[in-house]
Participant: 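This is the structure I want to talk about, given as structure tokens.
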Amino acid sequence: MSKVRTRFAPSPTGRMHVGNLRTALYTYLIAKHEGGDFVLRIEDTDQERFFDEALEIIYRTLEKTGLKHDEGPDKDGGYGPYIQSERCKSGLYMKYAKELIEKGEAYYCFCDKERLESLKQNIGGKEIIAYDKHCLHLSKEEIEANLAAGKPYVIRANVPNEGVTTFHDEIYGDISQPNEELDDMILIKSDGYPTYNFANVIDDHLMGITHVVRGNEYLSSAPKYTRLYQAFGWEEPKYIHCPLITNEEHQKLSKRSGHSSYEDLIEQGFLSEAVVNYVALLGWSPTDNREIFSLEELVENFDYHHISKSPAVFDIVKLKWMNGEYIKAMDDEAYYEYALPVIKEVITKDYDLKKIADLVKTRIEIFPDIKEKIDFFEELPEYDIAMYTHKKMKTNSENSLAVLKDMLPRLEQLEDYSHDGIEAVCKAYIAEKEIKNGVCLWPLRTAVSGKQMTPGGAYEIIEIIGKDETIARIKKGIELLEA
RNA sequence: GGCUCCAUGGUCAAGCGGUUAAGACAUCGCCCUUUCACGGCGGUAACACGGGUUCAAAUCCCGUUGGAGUCACCA
């Protein structure tokens with residue numbers, strides 16, 4: 001069996017959509033699982049939409065997600081060039097288009113915009129153009145004359161109106177479509193560039209691609225590609241169409257959803273590994289129940305036969321959970337590196353930021369979550385004294401005030417503001433008064449944080465804010481409770 | 001609208017003719033605990049519908065309904 005070769009063929013038009021990312025991932029995994037090659041090819045035949053930075057985004061995203069390509073524009077493997085606009089310069093696509101014309105499988109079309117416009121019909125609120133093969137019937141002389149006159153033209157595939165075209169997909173099985181439905185698609189545009197459809201077939205063939213992996217949205221145009229392979233007499237690659245990724249409304253993920261691209265997600269504080277892991281599970285599942293996979297583990301376990309057919313909703317809530325799992329599993333230094341800048345956005349005081357970071361590690365799902373959890377360290381918020389009353393802790397304004405008043409001098413005398421030192425003072429007081437932990441610790445934590453919920457308890461917070469701040473905050477609490 | 005695809009809890013999903021129909025997220029409750037979180041335990045919740053085939057159907061076939069995709073000189 002020949003070596004598996006897959007290709008990821010994005011067009012540089014902007015940020016990488018999660019659907020594209022998943023396609024890239026599956027494409028990579030299919031190759032790597034079989035020890036094959038993963039090729040990167042840039043489809044930039046749309047000169048109007050192309051922009052340089054988009055190319056950078058593709059490289060950066062593949063790099064950051066770990067989807068390393070074996071061949072590509074920056075890594076020649078003997079099948080180059082890997083950028084379609086460069087391939088185009090050699091007249092490659094035109095050559096093949098002309099071959100098709102000679103075979104009667106394609107033809108020149110000189111129809112202008114106006115004529116095409118007149119073919120337009122509105123069906124179900126959508127504008128649809130079905131080309132009427134007008135130029136197919138041009139005589140040789142007319143064609144020559146038009147060409148000689150420099151009249152702009154495109155080259156279209158000549159698809160018969162009878163018969164059925166069938167192709168085989170590894171996931172969906174055989175799919176047939178009446179040829180009548182297949183439009184005479186444009187192969188070469190009037191600017192001389194090939195269309196995506198055409199360039200794709202040519203390049204996949206020339207580059208020896210064995211498995212074509214792409215999104216489900218290409219399913220209905222796939223028979224057109226099959227027609228092209230048949231017209232050339234080439235052997236078709238295996239097709240693997242991935243199910244669609246949708247938004248909560250079960251519609252194709254669009255830019256509007258706010259988390260539709262990899263970069264959006266990274267900006268929102270997600271970890272690259274978590275995104276890759278999550279996206280792998282949208283439309284594929286392993287044989288066991290495992291959910292956490294590194295890229296290497298995915299390579300090992302990925303079997304494309306387990307890709308599902310039905311579309312999957314992109315569930316940001318589950319991604320968050322998974323991201324939280326990744327954060328918890330991070331080693332402390334790596335975690336601190338990510339957490340520190342976020343902490344610094346909120347904390348300007350000279351606190352032990354490492355301790356603060358450790359406190360929130362198990363309590364966040366994405367890094368920006370840190371901010372609202374630690375803001376009270378920086379400044380005691382305004383709070384309602386109702387917070388001192390807690391049924392389960394058996395606290396109320398009165399006993400809370402008493403506790404704070406008792407604890408104030410003890411904490412003023414205390415020198416050792418370490419966790420253990422603070423604990424010792426509190427425990428001694430609790431033992432002495434024969435009260436429950438909560439009766440002392442709840443008001444203390446409340447006074448020192450001004451918050452209903454905090455990462456860490458009284459000991460941890462007091463240790464971090466230190467003696468002066470603790471005393472000040474407790475005095476403030478007493479003041480509020482006495483008012 | 002034509003064509004194509006899809007159909008198991010709110011979401012991701014296992015399941016390939018015989019199961020008490022897994023598991024995860026979410027949700028709810030309990031435990032742990034100085035709060036929250038983490039962790040542990042448990043609960044609610046699904047085979048779209050109708051016909052076949054079969055001793056037996058979530059699994060196979062047909063239809064219905066629903067959803068999606070696609071119908072560009074975009075990819």
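In what follows, chains are A, B, ... by sequence order, proteins preceding strands, each numbered from 1. Here the structure is a predicted model, which means the values were calculated and not measured.
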Participant: What integer number of Å spans the P atoms of B:U53 and B:C3?
Facilitator: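 The answer is 30 Å between these two P atoms.
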Participant: State whether A:Glu432 and A:Arg410 are salt-bridged, where the test is any N-O pair (Lys NZ or Arg NE/NH1/NH2 against Asp/Glu carboxylate O) under 4.0 Å.
Facilitator: yes
Participant: Can you measure A:His390 atom NE2 to B:U34 atom P for me and round it to whole angstrom units?
Facilitator: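 In whole Å, B:U34 P and A:His390 NE2 are 12 Å from each other.
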Participant: Could you tell me whether A:Asp288 contacts a base, only the sugar-phosphate backbone, or nothing, with contacts defined as non-hydrogen atoms closer than 4.0 Å?
Facilitator: nothing
Participant: In this structure, how many angstroms lie between the C1' atom of B:C12 and the CG atom of A:Asn247, rounded?
Facilitator: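 In whole Å, B:C12 C1' lies 15 Å from A:Asn247 CG.
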Participant: Of the nucleotides B:A72, B:C5, B:C71, which one has an atom closest to the side chain of A:Ile129?
Facilitator: B:A72
Participant: Which whole number of Å gives the distance between the P atom of B:U70 and that of B:A75?
Facilitator: 15 Å
Participant: Does A:Gln177 have a side-chain nitrogen or oxygen under 4.0 Å from the phosphate oxygens OP1 or OP2 of B:C3?
Facilitator: no
Participant: Using a cut-off of less than 4.0 Å, is there contact between a side-chain N or O of A:Lys189 and OP1 or OP2 of B:C74?
Facilitator: yes
Participant: Between B:C6, B:U34, B:C12, which nucleotide gets closest to the side-chain atoms of A:Met393?
Facilitator: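 Taking heavy atoms from C-beta onward, the closest nucleotide is B:U34.
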Participant: For A:Glu379, is the CD atom crowded, meaning more than 12 foreign heavy atoms sit under 6.0 Å from it?
Facilitator: no
Participant: Round to the nearest Å and state the distance from A:Glu291 atom CD to B:A13 atom C1'.
Facilitator: 9 Å
Participant: Can you tell whether the side chains of A:Asp332 and A:Lys361 come within less than 4.0 Å, N to carboxylate O?
Facilitator: yes
Participant: Just N and O in the side chain of A:Lys252: are any of them under 4.0 Å from OP1 or OP2 of B:U70?
Facilitator: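 Yes, A:Lys252 has a side-chain N/O under 4.0 Å of OP1/OP2 on B:U70.
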Participant: Using the P atom on both, measure B:C73 against B:C62 and round to a whole Å.
Facilitator: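 Here B:C73 and B:C62 have their P atoms 36 Å from each other.
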Participant: I need the single residue from A:Asp375, A:Thr446, A:Ile461 that forms a side chain to side chain contact (heavy atoms under 4.5 Å, CB included) with A:Lys451. Which is it?
Facilitator: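 Going through the options one by one, the only one that passes is A:Asp375.
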Participant: Just to confirm, is there a sub-4.0 Å distance from OP1 or OP2 of B:C6 to any side-chain nitrogen or oxygen of A:Lys309?
Facilitator: yes
Participant: Under a 3.5 Å threshold, yes or no: a donor from one side chain and an acceptor from the other, between A:Asp203 and A:Tyr93?
Facilitator: yes
Participant: Among B:A75, B:U34, B:G1, find the nucleotide with the atom closest to the side chain of A:Ile128.
Facilitator: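 Shortest atom-to-atom distance from the side chain points to B:G1.
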Participant: Scan every strand shown for a Watson-Crick or G-U wobble partner of B:C74, both distances under 3.5 Å, and answer none if you come up empty.
Facilitator: none
Participant: Considering only heavy atoms, which members of residues 446-458 of chain A lie under 4.0 Å from some atom of RNA chain B?
Facilitator: A:Gln452, A:Met453, A:Thr454, A:Gly456, A:Gly457, A:Ala458
Participant: What is the distance from CG of A:Asp183 to P of B:G2, rounded to the nearest Å?
Facilitator: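 Result: 18 Å.
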Participant: Please state how far atom CG in A:Asp315 lies from atom C1' in B:C12, giving the value in whole angstrom units.
Facilitator: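 Nearest whole value for this atom pair: 7 Å.
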Participant: Between P on B:U33 and CH2 on A:Trp442, what's the gap in Å once rounded to a whole number?
Facilitator: 16 Å
Participant: Classify the side-chain pair A:His305/A:Asp303 by whether it contains a donor and acceptor separated by less than 3.5 Å.
Facilitator: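 Yes.
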Participant: Determine, for A:Glu53 against A:Arg15, whether the closest basic-nitrogen to carboxylate-oxygen distance falls under 4.0 angstrom.
Facilitator: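 No, no charged N to carboxylate O under 4.0 Å.
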Participant: Considering only atom C1', compute the distance from B:A24 to B:G67 and round it to an integer number of Å.
Facilitator: 25 Å
Participant: When we call it a touch if two heavy atoms are under 4.0 Å apart, what does A:Tyr218 touch: a base, just sugar-phosphate, or nothing?
Facilitator: base
Participant: Within the supplied structure, the quantity of interest is the number of heavy atoms (other residues, nucleotides, ligands) at a distance under 6.0 Å from A:Lys320 NZ; does it exceed 12?
Facilitator: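 No, NZ of A:Lys320 has 12 or fewer neighbouring heavy atoms, counting only those of other groups under 6.0 Å.
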Participant: Indicate whether OP1 or OP2 belonging to B:A14 is found under 4.0 Å from a side-chain N or O atom of A:Ser285.
Facilitator: yes
Participant: Nearest to the side chain of A:Ser190 - B:A26, B:U34, B:C73?
Facilitator: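 The listed nucleotide nearest to A:Ser190's side chain is B:C73.
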Participant: Look at the side chain of A:Ile186 and decide which nucleotide, out of B:G15, B:C5, B:A72, has an atom nearest to it.
Facilitator: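 Per side-chain heavy atoms of A:Ile186, the pick is B:A72.
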Participant: A:Ile175 side chain: which of B:U33, B:C71, B:C5 is closest?
Facilitator: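 Nearest to the side chain of A:Ile175 among the choices is B:C5.
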Participant: Give A:Glu117 one of three labels, base, sugar-phosphate or nothing, depending on what nucleic acid heavy atoms sit under 4.0 Å from its own.
Facilitator: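 Result for A:Glu117 = nothing.
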Participant: Under 3.5 Å, side chain of A:Ser260 to main-chain N/O of A:His17, donor-acceptor pair present?
Facilitator: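 Here the side-chain-to-backbone pair does not exist.
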Participant: With no angle test and no hydrogens, is the base of B:U70 tied to the side chain of A:Lys224 by a donor-acceptor pair under 3.5 Å?
Facilitator: no
Participant: Under 4.0 Å between a side-chain nitrogen and a carboxylate oxygen: does that hold for A:Asp183 and A:Lys224?
Facilitator: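 So A:Asp183 does not pair with A:Lys224 through a salt bridge.
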Participant: Between A:Ser308 and B:A13, does any side-chain N or O lie under 4.0 Å from OP1 or OP2?
Facilitator: yes
Participant: Can you tell me the Watson-Crick or wobble partner of B:G69, both distances under 3.5 angstrom?
Facilitator: B:C3
Participant: Considering only NZ, NE, NH1 and NH2 on the basic side and carboxylate oxygens on the acidic side, decide whether A:Glu117 and A:Arg115 come within less than 4.0 Å.
Facilitator: no
Participant: With nearest nucleotides of RNA chain B determined for A:Cys109 and A:Glu249 from heavy-atom distances, which residue corresponds to the more 5′ nucleotide?
Facilitator: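 Its nearest nucleotide lies further toward 5', so the answer is A:Glu249.
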Participant: Measure distances between side-chain N and O atoms of A:Arg445 and base N and O atoms of B:U35, and say whether any donor-acceptor pair falls under 3.5 Å.
Facilitator: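 Donor-acceptor pair under 3.5 Å: yes.
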Participant: Going by purine N1 to pyrimidine N3 plus the second Watson-Crick contact, or the G-U wobble pair, all under 3.5 Å, which nucleotide sits opposite B:C60?
Facilitator: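 Across any shown strand, B:C60 pairs with B:G52.
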Participant: Would you mind telling me which of B:A75, B:A7, B:G39 lies closest to the side-chain atoms of A:Lys328?
Facilitator: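 Nearest listed nucleotide: B:G39.
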Participant: Considering only side-chain heavy atoms of A:His250, which listed nucleotide, B:G67, B:A24, B:C73, is closest?
Facilitator: B:G67
Participant: Would you indicate which nucleotide in B:G23, B:A37, B:U4 comes nearest to any side-chain atom of A:Pro178?
Facilitator: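 The nucleotide sitting nearest to the side chain is B:U4.
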Participant: Just how far, in rounded Å, is P of B:C25 from CG of A:Asn289?
Facilitator: 11 Å
Participant: Hey, is the side chain of A:Arg363 pairing donor to acceptor with the base of B:C38 inside 3.5 Å?
Facilitator: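 Answer no: no donor N or O sits under 3.5 Å from an acceptor.
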Participant: Would one find a side-chain N or O of A:Asn437 under 4.0 angstrom from OP1 or OP2 of B:U34?
Facilitator: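 The answer is yes; a side-chain N or O of A:Asn437 sits under 4.0 Å from OP1 or OP2.
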Participant: Using the P atom as the reference point in each nucleotide, state the distance between B:A58 and B:C16 in Å, no decimals.
Facilitator: 13 Å
Participant: B:C41 and B:C25: how far apart are their P atoms, nearest whole angstrom?
Facilitator: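 Here B:C41 and B:C25 have their P atoms 12 Å from each other.
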Participant: Taking A:Asp369 first and then A:Lys373, would you say they form a salt bridge - that is, a charged N and a carboxylate O separated by under 4.0 Å?
Facilitator: no
Participant: Suppose you measure atom P in B:U4 against the same atom in B:G10; what distance do you get, rounded to whole Å?
Facilitator: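 Those two atoms are separated by 31 Å.
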Participant: Which base sits across from B:U20 as a Watson-Crick or G-U pair, both distances under 3.5 Å?
Facilitator: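 Pairing partner, where one exists within any strand: none, as none qualifies.
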Participant: So if I take every side-chain heavy atom of A:Lys318 and compare against B:A22, B:C73, B:C12, which nucleotide ends up nearest?
Facilitator: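 The nucleotide sitting nearest to the side chain is B:C12.
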Participant: Using Watson-Crick or G-U wobble geometry with both distances under 3.5 Å, which nucleotide pairs with B:G42?
Facilitator: B:C28
Participant: Of A:Val317 and A:Pro10, whose closest RNA chain B nucleotide lies nearer the 5' terminus?
Facilitator: A:Val317
Participant: Would you mind classifying the nucleic acid contact of A:Val313 as base, sugar-phosphate or nothing, using non-hydrogen atoms under 4.0 angstrom?
Facilitator: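 Sugar-phosphate only.
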Participant: Mind checking who B:U35 pairs with, Watson-Crick or G-U wobble, both distances under 3.5 Å?
Facilitator: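 Paired with no nucleotide.
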Participant: Which value, in whole Å, describes the distance between the P atoms of nucleotides B:G1 and B:C49?
Facilitator: 25 Å
Participant: Provide, to the nearest angstrom, the distance between the CG atom belonging to A:Leu281 and the P atom belonging to B:U11.
Facilitator: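 Those two atoms, CG and P, are 17 Å apart.
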